[in-house]
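Chain A is the first sequence line, chain B the second, and so forth, proteins listed ahead of strands; every chain is numbered from 1. FYI, side chains are in, hydrogens and waters are out, and symmetry mates aren't considered; it's all heavy atoms of this structure.
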Amino acid sequence: MINVQNLYKKFGTNEVLSDISTTISKGEVVSIIGPSGSGKSTFLRCLNLLEVPTSGSIDINGKNLTSSKKNIHKIRQQIGMVFQHFHLFPHLTVLENLTYAPMKAKGIKKAEAEMKARLLLERVGLSEKETAYPNSLSGGQKQRVAIARALAMEPELMLFDEPTSALDPEMVKEVLDVMKDLAKSGMTMVVVTHEMGFAREVADRVLFLDHGVLVEEGQPNEFFSHPKTERAKDFLDKVL
Amino acid sequence: MNLDFSQIVPYIPFMLEGIWATLKFVFFAIILGSILGTILALFKIGSIIPLRWFADAYTSIFRGTPLILQLMIIYYSTPQLTGYDISAFLSAILAFGLNSSAYISEIIRAGIQAVDKGQMEAAQALGVPYRAMMKDIILPQALKNILPALMNEFITLTKESAIVSTIGYLDLMRRAQVVGSDLFRNFEPLLFVGLIYWCMVMGLTMIGRVFERRLKQSD
């Protein structure tokens, strides 16, 4: 589904991603872990072209991302993204947050968009909040709305950029539970996370990045119990 | 002190008509200034370099020269250069609208840049096209932040409108001068229109507050 070949990203002279190649297949849940500043988020943001790669290619469903900047809206509509700081639209109600993009970008009728939005709110357990404004929600609720907003576009792929890092500890679980449900439903997911428990339990594969290099990848069980590289061992010693 | 307001009583209807005369062109100038200002602001933050240059040059010229000069150039040079006999009313709308758009564009630019970058990224990630994103997501949030500054600009424009009296447009100010020279008493009519200007600005301030409250409902 996603095929990344020799991806490089530089900010000025600073090389943030260096020669990354990997493939992610449909229905797979991939966790990206690594120390801060390792390029995890940049890599994720390259996958929907919020960052433009310096060189290399990214194919999503056979469509080359970097050469199709004109159709980037269409491609992005198939890729949901969840941010660390939610980025809900503060001047719209929860329901409007969910219906805005389907109506504007896909031309779906209001009634249909609202019906789908209500189903999604039910799925993330926030039906009673549909007329609330984002600023009145807790962090965990905001992130669940943000996930529902991304799902409202019916994407084939979901990107999560440290979705629980800005949350109070007691709210992490409610968001992870929604993500686990999503993984069970067969959604293809790429998750940048510091939640090693989630990576271990839910992910099909773990990518370990350090200094912009894809140092190691593998099954979570194998990776967490028998990391092959010294750098991964160091990292795991510090976080586990 | 020999103030005698009874003297101006017969002239009050004449002066009150000036409210309408002033409001009429101020209204159109604000509309023109806001539309043009928004377009210029979008040029300034956009990626098309020539448009950015144009917007910067425009702002620099209209902010860098006196408003009264711009007004006179438009009023006196248009007939000479084009043969079109421009009315004082139209000159006033143009001068104030064009001048104000330079200031408004700077206010809006700052407002847009103050909106969290994440808002734009979230809209982009959802595949929302640029125009819709600007119109529905970024500008409404920018507007909320800049409303006080924008109201300031509208208040300034309303008060500064008095300088159209220099091209003979019969606004509030000009009418006070006419009454003054008719009566050989200037102080009373000037105080009278001063009060009217103050009331107009208070009205504007009140409208601004209502707007601000309405935009705050999402907090």
**Report entry** Contacting region of A/Leu50 [heavy-atom separation from chain B under 4.5 Å]
**Finding:** side chain

Report task. Taking atom OH of B/Tyr58 as the centre, report whether more than 12 heavy atoms of other residues, nucleotides or ligands fall under 6.0 Å from it. Result -> yes

Query - Atom NZ of B/Lys24: over 12 foreign heavy atoms under 6.0 Å - result: yes

Report summary line: chain B shares the most heavy-atom pairs under 4.5 Å, among A/His85, A/Lys74, A/Arg149, with A/Arg149

Query raised in the report: Any donor and acceptor pair, going by atom type alone, linking the side chain of B/Gln119 with main-chain N or O of A/Leu88 inside 3.5 Å?
Result: yes

Query raised in the report: What is the distance from atom CD1 of B/Ile137 to atom OH of A/Tyr100, rounded to the nearest 0.5 Å?
Result: 4.5 Å

Query - Contacting moiety of B/Gln124, where chain A heavy atoms sit under 4.5 Å - result: both

Query raised in the report: Above 12 or not: heavy atoms from other molecules or residues under 6.0 Å from CG of B/Leu195?
Result: yes

Report summary line: Among A/Met81, A/Lys106, A/Lys104, the residue with the most heavy-atom pairs under 4.5 Å to chain B is A/Lys104

Query raised in the report: What's the shortest heavy-atom distance between A/Ala105 and B/Leu126, and which atoms?
Result: CB-O, 4.3 Å

Query raised in the report: Where does A/Phe89 contact chain B at under 4.5 Å (heavy atoms): side chain, backbone, both or neither?
Result: both

Report task. Using non-hydrogen atoms and a 4.5 Å limit, figure out which bit of B/Lys216 sits close to chain A: side chain, backbone, both or neither. Result -> neither

Requested in this report: Could you tell me which portion of B/Pro140 (side chain, backbone, both or neither) has an atom closer than 4.5 angstrom to a non-hydrogen atom of chain A?
Outcome: side chain

Query raised in the report: Do you know the tightest heavy-atom contact between A/Pro90 and B/Gln141?
Result: CG-OE1, 3.3 Å

Requested in this report: Decide if atom CZ of B/Phe27 counts as having more than 12 heavy atoms of other residues, nucleotides or ligands within a radius under 6.0 Å.
Outcome: no

Query raised in the report: Is it the side chain or the backbone of A/His91 that comes within 4.5 Å of chain B heavy atoms, both, or neither?
Result: both

Report task. Indicate the atoms forming the closest heavy-atom contact of A/Phe83 with B/Ala122, along with that distance. Result -> CE1-CA, 3.7 Å

